[in-house]
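Just so you know, residue 1 is the first one in the sequence shown, and it goes up from there.
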Amino acid sequence: MSLLPHLILYLTLLTVVVTGETLRPRFYSETCPEAESIVRREMKKAMIKEARSVASVMRFQFHDCFVNGCDASLLLDDTPNMLGEKLSLSNIDSLRSFEVVDDIKEALEKACPATVSCADIVIMAARDAVALTGGPDWEVKLGRKDSLTASQQDSDDIMPSPRANATFLIDLFERFNLSVKDMVALSGSHSIGQGRCFSIMFRLYNQSGSGKPDPALEPSYRKKLDKLCPLGGDENVTGDLDATPQVFDNQYFKDLVSGRGFLNSDQTLYTNLVTREYVKMFSEDQDEFFRAFAEGMVKLGDLQSGRPGEIRFNCRVVNRRPIDVLLVS
């Protein structure tokens with residue numbers, strides 16, 4: 001039997017370009033009915049291998065969707081003609097576990113070739129990271145296509161730094177039609193995972209150029225961080241973002257109330273009067289936090305650029321045109 005028809009079909013699938021996608025639940029129910037179960041299976045494997053990895057993967061949704069919509073542009077490697085987003089100021093030496101997405105994509109390609117987008121993988125994997133660590137589970141809307149390009153500059157211009165304060169974050173989220181409550185709830189993603197000493201050195205030793213530590217830090221917690229992150233020490237050492245870093249719960253908000261927030265952008269949610277009421281609410285009512293977080297993640301997942309896209313067969317690279325494939329075959 002000739003392989004030519006199959007080759008032509010495969011090359012056609014690789015170059016599908018569409019715009020204006022309408023997202024909906026169970027998008028792959030006919031084309032790849034096991035898609036969501038495959039993603040969750042691979043996320044379980046990743047969590048067993050390294051507990052921190054699922055928290056790392058969950059962050060991809062935030063860093064991807066804020067920069068020109070949820071289109072997996074974040075996953076693209078640099079090329080001679082494109083500086084991608086992995087080395088942007090908010091991502092370099094911070095985002096990790098890209099290999100987990102690679103493993104998920106490989107498993108999906110075996111089951112349903114050229115069907116499930118990398119952008120949808122990011123959304124499903126983020127949901128599963130939360131559910132697998134004890135947090136809420138929710139129905140995701142799918143049907144995204146993958147970006148044909150990425151922009152380090154766009155990421156630099158949009159993504160907040162660990163030094164950001166609540167006022168900056170409120171304004172940023174408002175640009176994407178996300179409310180103050182959405183912003184505080186989504187900040188609860190720091191219920192799991194770790195952060196680097198690099199992100200808090202200024203809080204410990206030179207807050208606001210004062211040469212002194214952040215006065216919002218609870219004294220015994222500050223001493224703990226001083227030991228973890230000594231002045232002149234290795235700034236790539238990591239610390240827990242809350243007291244239960246492998247369990248998705250409302251401990252993050254309880255820590256903020258007690259002055260034990262790891263990042264400045266976390267603790268400022270309690271020192272700011274506008275956001276404090278939501279921090280207190282979520283610290284006292286975990287169910288309300290879970291509801292608000294799930295709603296916020298769905299809203300975040302709705303962000304789209306409207307630009308042309310494709311189904312990438314490798315999440316790190318834009319598909320080659322058919323002629324390129326033929327030339328190297």
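Under the 4.0 Å criterion applied to side-chain N and carboxylate O atoms, E284 and K254 are not assigned as salt-bridge partners. Taking a cutoff of 4.0 Å between a charged side-chain nitrogen and a carboxylate oxygen, D240 and K224 do not qualify as a salt bridge. A salt bridge links D182 and K299; the closest N-O separation between the charged side-chain nitrogens and carboxylate oxygens is under 4.0 Å. The pair R96-E50 meets the salt-bridge criterion, since a charged nitrogen lies less than 4.0 angstrom from a carboxylate oxygen. The residues E288 and R291 are annotated as salt-bridged, a charged nitrogen and a carboxylate oxygen being separated by less than 4.0 angstrom. The existence of a salt bridge linking K45 and D103 is excluded, since no basic side-chain nitrogen approaches an acidic carboxylate oxygen closer than 4.0 Å. A salt bridge links E139 with R26: the closest approach of a Lys/Arg side-chain nitrogen to an acidic carboxylate oxygen falls below 4.0 angstrom. A salt bridge links D71 to R307: one of the charged nitrogens lies within less than 4.0 Å of a carboxylate oxygen. Note on K86 versus D78: no salt bridge recorded, every NZ/NE/NH1/NH2 to OD/OE distance being 4.0 Å or above.
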For this session: Using the salt bridge (Lys or Arg N to Asp or Glu O under 4.0 Å) rule, take E310 and K145 through it: C-alpha gap first, then chi angles, then the decisive distance, then the call.
Result: CA-CA 5 Å; E310 65 181 3; K145 294 297 183 289; over 6 Å; no
Exercise. Would F262 and D255 count as a side chain to side chain contact (heavy atoms under 4.5 Å, CB included) if you check the C-alpha gap in whole Å, the side-chain angles of each, and the deciding distance to 0.1 Å?
Worked result: CA-CA 9 Å; F262 187 81; D255 286 350; over 6 Å; no
For this session: With salt bridge (Lys or Arg N to Asp or Glu O under 4.0 Å) as the test, would you mind laying out the steps for R222 and D226 before giving the verdict?
Result: CA-CA 6 Å; R222 179 176 61 80; D226 285 343; 3.2 Å; yes
Exercise. Given the rule in the side chain to side chain contact (heavy atoms under 4.5 Å, CB included) test, do D120 and V122 qualify, once you have shown the distances and angles that lead to the verdict?
Worked result: CA-CA 5 Å; D120 279 345; V122 169; over 6 Å; no
Exercise. Yes or no on side chain to side chain contact (heavy atoms under 4.5 Å, CB included) for L74 and L95, after CA distance, side-chain angles and deciding distance?
Worked result: CA-CA 10 Å; L74 173 72; L95 292 187; 3.6 Å; yes
Exercise. When you look at R163 and N264, which way does the side chain to side chain donor-acceptor pair (under 3.5 Å) test go after all the steps?
Worked result: CA-CA 6 Å; R163 299 189 181 210; N264 186 76; over 6 Å; no
For this session: Step by step, work out the side chain to side chain contact (heavy atoms under 4.5 Å, CB included) result for S56 and R52.
Result: CA-CA 6 Å; S56 301; R52 183 185 171 196; 4.2 Å; yes
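Scanning all heavy atoms of the two residues, the minimum distance from G261 to Q267 falls at N-OE1, 2.8 Å. Between M201 and G232 the shortest heavy-atom distance is CE-N, 4.4 Å. In plain terms, the two heavy atoms of V184 and F253 that are nearest each other are O-CZ, 3.5 Å. When every heavy atom of S189 is checked against every heavy atom of M58, the shortest pair comes out as O-CE, 3.1 Å. Scanning both residues, M183 and A166, for their nearest heavy atoms gives CE-O, 4.1 Å. When all heavy atoms of G84 and A150 are compared, the pair lying nearest together is CA-CB, 3.9 Å.
F248 has its ring centre less than 6.0 Å from the ring centre of F293. Outside the 6.0 Å centre-distance limit, the rings of F290 and F282 are not counted as a close aromatic pair.
Counting heavy atoms from C-beta on, the side chains of D249 and S191 come closer than 4.5 Å. Residues L225 and I200 meet the side-chain proximity criterion, which asks for heavy atoms closer than 4.5 Å. Residues Q61 and M297 meet the side-chain proximity criterion, which asks for heavy atoms closer than 4.5 Å. A heavy-atom distance below 4.5 Å is found between the side chains of F173 and L186. Side-chain contact check for P136 versus V130: some heavy-atom pair is nearer than 4.5 Å.
With T275 contributing its side chain and L269 its backbone, the two residues share a donor-acceptor pair below 3.5 Å. Using a distance-only test at 3.5 Å, with no hydrogens or angles considered, a donor-acceptor pair links the side chain of R312 to the main chain of C315. Using modelled atom types, no side-chain atom of D64 and backbone atom of C70 make a donor-acceptor pair closer than 3.5 Å. A distance-only check finds no donor-acceptor pair linking the side chain of S155 to the backbone of Q152 [under 3.5 Å]. Remark: the backbone N or O of Y252 is paired with a side-chain donor or acceptor of D242 at under 3.5 angstrom.
The number of heavy atoms from other shown groups lying within 6.0 Å of CD (Q194) is above 12. The 12-atom threshold is exceeded at CZ of F202, counting heavy atoms of other residues, nucleotides or ligands nearer than 6.0 Å.
Linking Ile, Leu, Val, Met, Phe, Trp and Tyr residues whenever their side-chain heavy atoms come within less than 4.5 Å leaves L87 and L76 in two separate clusters.
Between D154 and N68, the side chains place a donor N or O and an acceptor N or O closer than 3.5 Å (distance only, hydrogens not considered). In summary, the side chains of E218 and S220 do present a donor paired with an acceptor at a separation below 3.5 Å, with no hydrogens or angles considered. For the 3.5 Å distance criterion, the side chains of S94 and N91 fail to qualify, holding no donor opposite an acceptor.
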